[in-house]
There are 2 protein chains.
Amino acid sequence: MESIESDTDLAGKIEKRISESTIRRLSLYLRALSLLDKKGVKTISSKELASREKLTPAQVRKDLSFFGSFGTRGLGYPVSELRSEIAGILGINRIWKVALFGVGNIGSAMVSYKEFARQGFQIVKLFDNDQRKIGSNHKGIIVSDVSNLEPEIKEAGIEIAIIGVPATVAQYIVDDIVAAGIKAILNFAPINLKVPSDVYLRNENMSMELEYLSFAMVNNHSEKKTKP
Amino acid sequence: MESIESDTDLAGKIEKRISESTIRRLSLYLRALSLLDKKGVKTISSKELASREKLTPAQVRKDLSFFGSFGTRGLGYPVSELRSEIAGILGINRIWKVALFGVGNIGSAMVSYKEFARQGFQIVKLFDNDQRKIGSNHKGIIVSDVSNLEPEIKEAGIEIAIIGVPATVAQYIVDDIVAAGIKAILNFAPINLKVPSDVYLRNENMSMELEYLSFAMVNNHSEKKTKP
DNA sequence: ATCTTTATGTGAAATCGTTCACAATGAAAA
DNA sequence: TTTTCATTGTGAACGATTTCACATAAAGAT
Ligand SMILES: NC(=O)c1ccc[n+]([C@@H]2O[C@H](COP(=O)([O-])OP(=O)(O)OC[C@H]3O[C@@H](n4cnc5c(N)ncnc54)[C@H](O)[C@@H]3O)[C@@H](O)[C@H]2O)c1
Ligand SMILES: NC(=O)c1ccc[n+]([C@@H]2O[C@H](COP(=O)([O-])OP(=O)(O)OC[C@H]3O[C@@H](n4cnc5c(N)ncnc54)[C@H](O)[C@@H]3O)[C@@H](O)[C@H]2O)c1
């Protein structure tokens, strides 16, 4: 439960905790590199990569240096190779099976979004408690009854859950999900969910982003720093 | 364009830049306080408030102290009053008119979400370029043609735009929106949009959150710090 | 082969954000 | 009243992250 594990850790080297900011920036690098790769660009310098994501070249180099030396001095980084290195670091050079809880507005939007599957996040199960939805077909997936989640999750090999149910019931669903062995949760409900310390939880909070915009406008708040 | 403005700044006091983290935590405090207020709780200590959002009491007190003294020593903070103070700081004790661009999966989900309006963000215009959608009624709003956005935005007094169009066209739409005078944008397209420095931009990046979960699982990465 | 140019990788410095620790203060009890 | 108690508000210490600055290395030019 500490730091990073040995598959990105050259033997004997002292491990260093990777900051959340660095990990988030890796996602940005990955997105930029994927685009460049598709365009046929072969190499890119930290300066160019930084400018595409409003970061500094030093930041790019420092972030990457935590994981290894991927560049060539005088030349830059090989686009395609760096792309797959980062995919490997982020753990998305594989398929993650995802289950979605709550096939409502936000849930339906997620299932329809093909980009997730392309990035390795495959939504393979949908759960709801509404009898009108259970049994119906959404993008090729039959909606299951949430009251029977454990065997279905285990059988399908689900490792990530997305929470798209109302805030009032989210904690109950999460308790069941955790009991079923899921270790990663992306939550859209506006509530602070309690999970055991070995379960990873991220919150998607759109109100927070709108409120940030509101604050910025009311206070003429300047972005002082490159933030992923 | 620097720091916070004078309405939260007692005369003569030196202004201090408020960190992004602090602003994001204010949103969390607001959410918790709204809930407590609804439950009829009258006062809350920094300790209790912190525990509800997985933060430290010192953090809560420090965050609030940037904006004033709202508590009573020995007692705590008055829930209802602090709630409206924070709403004032965030600039949401008023109504913001919002326009949504791209009435697709994510766009439809946002229009249907009543909570935004309750928080002061009122979606009053929808824009699309699909002839089948233009003129149709979504939750009481007629979808407008995006090619005629400027007069409609100005007439409606829109100040915030939500971008729910494909990444390939997002920059074009944003250029038009900015030309129409909009100063705040919440973007769902997975692309780094270029905007003038006086336009506030926030990105909602769900892939980033999923990738963070993936990284955490692959690397047994522990949350070391309270992050909003 | 040698030189010039360009750009990486990385300690060290600087900046920024969080936590500590305690004096100050008001509420409640005696 | 006076004392006790709980909890705020805040400088200062600490820790984390970002930026600087340069030695190092490879590519391309001459
Ligand atoms: N729609 C948005 O734009 C938006 C934005 C931000 C956050 N959210 C949050 O996302 C969540 C879902 O929002 P929505 O707009 O999609 O709501 P919704 O009402 O459209 O969908 C909720 C779904 O959850 C299902 N459900 C309810 N109780 C359940 C239970 N006990 N078990 C399983 N399924 C259950 C309902 O049948 C429904 O299909 C909410 O917590 C909301 O606050 C939504
Ligand atoms: N659906 C999701 O869960 C999800 C998740 C993350 C990010 N996103 C991003 O959000 C955006 C929208 O995704 P979606 O799934 O809602 O897509 P979608 O295709 O369902 O919706 C896009 C909408 O934009 C409209 N549009 C296209 N070109 C336009 C133009 N030039 N002007 C105005 N409108 C135009 C289309 O007619 C359509 O209604 C995309 O950038 C996507 O990458 C979506």
Side-chain angles (χ1 to χ4, degrees), chain A residues 2-4 8 10 13-26 28-29 41-51 53-79 81-82 85 221-228, chain B residues 2-4 8 10 13-26 28-29 41-51 53-79 81-82 85 221-228:
Chain A
E2 323 286 344
S3 306
I4 54 167
T8 48
L10 304 181
K13 210 175 149 191
I14 280 96
E15 282 188 13
K16 206 179 173 312
R17 195 185 180 276
I18 304 300
S19 76
E20 171 170 337
S21 304
T22 291
I23 301 164
R24 293 170 63 85
R25 282 191 298 267
L26 289 182
L28 297 181
Y29 304 150
V41 177
K42 292 294 173 231
T43 59
I44 189 163
S45 65
S46 58
K47 198 173 152 209
E48 288 174 273
L49 186 50
S51 79
E53 297 294 340
K54 286 208 277 294
L55 304 167
T56 66
Q59 182 110 76
V60 171
R61 296 200 300 274
K62 181 63 94 180
D63 284 340
L64 295 175
S65 77
F66 294 134
F67 303 97
S69 301
F70 308 111
T72 305
R73 291 171 195 225
L75 236 198
Y77 299 92
V79 169
E81 196 180 308
L82 182 57
E85 287 284 359
H221 194 257
S222 60
E223 297 283 334
K224 204 197 51 61
K225 174 137 313 154
T226 61
K227 275 267 169 156
Chain B
E2 325 286 344
S3 304
I4 53 161
T8 46
L10 303 181
K13 213 173 149 192
I14 280 98
E15 282 187 13
K16 206 177 176 312
R17 195 185 180 277
I18 304 300
S19 77
E20 172 168 339
S21 304
T22 291
I23 301 164
R24 293 170 63 84
R25 283 191 297 267
L26 289 181
L28 297 182
Y29 303 149
V41 177
K42 292 294 173 233
T43 60
I44 190 163
S45 66
S46 59
K47 194 170 157 214
E48 287 174 272
L49 186 49
S51 79
E53 297 294 340
K54 285 207 279 293
L55 304 167
T56 65
Q59 181 108 77
V60 172
R61 295 199 301 274
K62 178 64 93 175
D63 284 340
L64 295 176
S65 78
F66 294 135
F67 302 97
S69 302
F70 308 112
T72 304
R73 291 171 197 227
L75 237 196
Y77 299 92
V79 170
E81 194 181 309
L82 182 59
E85 287 284 358
H221 193 259
S222 62
E223 297 284 336
K224 201 198 51 64
K225 176 134 315 153
T226 62
K227 275 265 170 158

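Convention: sequence-line order gives letters A, B, ...; per-chain numbering from 1.
Nucleotide C:dT18 holds its P atom 12 Å from the CD1 atom of B:I18, rounded to whole Å. Look at CG on A:L75: it is 15 Å from C1' on C:dG9, rounded to the nearest Å. As rounded to whole Å, 17 Å separates atom C1' of D:dA16 from atom CZ of A:R24. Atom CG of A:L55 is separated from atom C1' of D:dT18 by 11 Å (rounded to the nearest Å). For B:Q59 and D:dA13, the CD to P distance is 20 Å, given to the nearest whole Å. Separating the CG atom of A:D63 from the P atom of C:dG9 is a distance of 12 Å, rounded to the nearest angstrom. With rounding to whole Å, B:L49 atom CG is found 12 Å from D:dG9 atom P. Distance CD (B:E20) to P (D:dA16): 20 Å, rounded to an integer number of Å.
Distances shown here put a side-chain N or O of A:S46 below 4.0 Å from the OP1 or OP2 atom of C:dT8. At D:dT19, one or more side-chain N or O atoms of A:T56 fall inside 4.0 Å of OP1 or OP2 (strictly under the cut-off). An OP1 or OP2 oxygen of C:dG9 is reached within less than 4.0 angstrom by a side-chain nitrogen or oxygen of A:Y77.
Residue A:K47 is out of contact with every strand shown, counting any heavy-atom pair closer than 4.0 Å.
Comparing C:dT10, D:dG11, D:dT8 against the side chain of B:K62 picks out D:dG11 as the nearest. With distances taken from any side-chain atom of B:T72 to the nucleotides C:dA27, C:dG9, D:dT10, the minimum falls on C:dA27. When each of D:dT8, C:dA7, D:dG11 is scored by its nearest atom to the side-chain atoms of A:S45, the top-ranked nucleotide is C:dA7.
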Test log, rule side chain to side chain contact (heavy atoms under 4.5 Å, CB included), inputs A:T22 and A:F67: CA-CA 11 Å; A:T22 291; A:F67 303 97; 4.2 Å; yes
Check the pair B:R61, B:Y77 against side chain to side chain contact (heavy atoms under 4.5 Å, CB included), reporting the backbone distance first and the verdict last. CA-CA 10 Å; B:R61 295 199 301 274; B:Y77 299 92; 3.6 Å; yes
Please step through side chain to side chain contact (heavy atoms under 4.5 Å, CB included) for the pair B:L82 and B:L64, ending with a clear verdict. CA-CA 9 Å; B:L82 182 59; B:L64 295 176; 4.0 Å; yes
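Taking 3.5 Å as the limit, the base of C:dT8 and the side chain of A:R61 contain no donor-acceptor pair of atoms between them. In terms of polar N and O atoms assigned as donor or acceptor, the side chain of B:R73 comes within less than 3.5 Å of the base of D:dT8 in a complementary pairing.
Expressed to the nearest 0.5 Å, how far OG1 of B:T56 lies from NZ of B:K62 amounts to 11.0 Å.
The two residues B:E53 and B:L28 have their closest heavy-atom pair at OE2-O, 3.7 Å.
For B:L64 and A:A58, each mapped to the nucleotide of DNA chain D holding its nearest heavy atom, the one lying further toward the 5' end belongs to B:L64.
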